[in-house]
K.L.:
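Sharing a structure with you now.
Within every chain, numbering begins at 1; the chains are lettered A, B, ... in the order of the sequence lines, protein sequences first and strands thereafter. As the structure is a prediction and not an experimental result, all values here were calculated from the model. In what follows, every heavy atom counts, from backbone to side chain, and hydrogens, waters and symmetry copies are set aside.
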Amino acid sequence: MNIFRLAGDMTHLMSILVLLLKIYATKSCSGISLKTQELYAVVFLARYLDLLTDFFSLYNTVMKVVFIVSSLAIVWCMRYHRAVRRTYDRELDTFRHYFLILGSFVLALIFHEKFTVREIFWAFSIYLEAVAILPQLVLLQRSGNVDNLTGQYVFFLGAYRGFYILNWIYRYFTEAHFGRWIASISGLVQTALYADFFYYYFLSWKNNAKLKLPA
Amino acid sequence: ATGPEAHDEL
């Protein structure tokens, strides 16, 4: 564990807490893409297949459980909670995310560390996470102004993988055989997808204006 | 697998 990875995990946890706060405090999920939340649930379920077989540390196991339970709880809330589901922007959240699942799985069948179920699902989860934010970014562009909590949620979600990139650079220089090319390249793509969001988020912060993504 | 190839990151 290094400071970059810990900062990344805490930022990731922060994004989830902000989203839970938004949904719980405002009893609304307007501006939130259910499809992105579903993709994240798939990412964590596919990535943490080793939850019950491999034990690295209490931290590692606890965080995996937190990510799986929170992503499933958010999907359940947006689909079935009486008050929340009414605020879901169904007609705006139309990104065909099944293609992202299919594409990521095909890519994982081609590029993986070992041709085993665990490794193919792990690579699949890495590729899927890189593109999982797309439905959410499309929804933000369509839904005019973005409320503060939603903007902060996406900001922390984008920033966490940026910290992981610093972690991979650090591990590359400090560990002999560190070659996590799948995660590193995918992480770069993932963070790059947030570039325009970060730009408009920074502008809104600088001008103290409401966050607005151009359509 | 807790060797080098194991995925110790979240």
K.L.:
More than 12 heavy atoms of other residues, nucleotides or ligands under 6.0 Å from CZ of A/Phe121: is that the case?
P.N.:
no
K.L.:
Looking only at heavy atoms, what is the nearest atom pair of B/Leu10 and A/Asn60, with distance?
P.N.:
CD2-O, 3.7 Å
K.L.:
A side-chain contact here means heavy atoms from C-beta on lying under 4.5 Å apart; do B/His7 and A/Ile126 qualify?
P.N.:
no
K.L.:
More than 12 heavy atoms of other residues, nucleotides or ligands under 6.0 Å from OH of A/Tyr59: is that the case?
P.N.:
yes
K.L.:
What residue in A/Arg47, A/Glu175, A/Arg5, A/Met1 has the most heavy-atom pairs under 4.5 Å with chain B?
P.N.:
A/Arg5
K.L.:
Taking heavy atoms only and a threshold strictly under 4.5 Å, list by residue number the residues of residues 152-165 of chain A that touch chain B; give 'none' if the list is empty.
P.N.:
A/Arg161, A/Tyr164
K.L.:
Under 4.5 Å heavy-atom distance to chain B, tell me which part of A/Tyr48 shows up: side chain, backbone, both or neither.
P.N.:
side chain
K.L.:
For atom CZ of A/Phe198, is the number of surrounding heavy atoms from other residues, nucleotides or ligands below 6.0 Å larger than 12?
P.N.:
yes
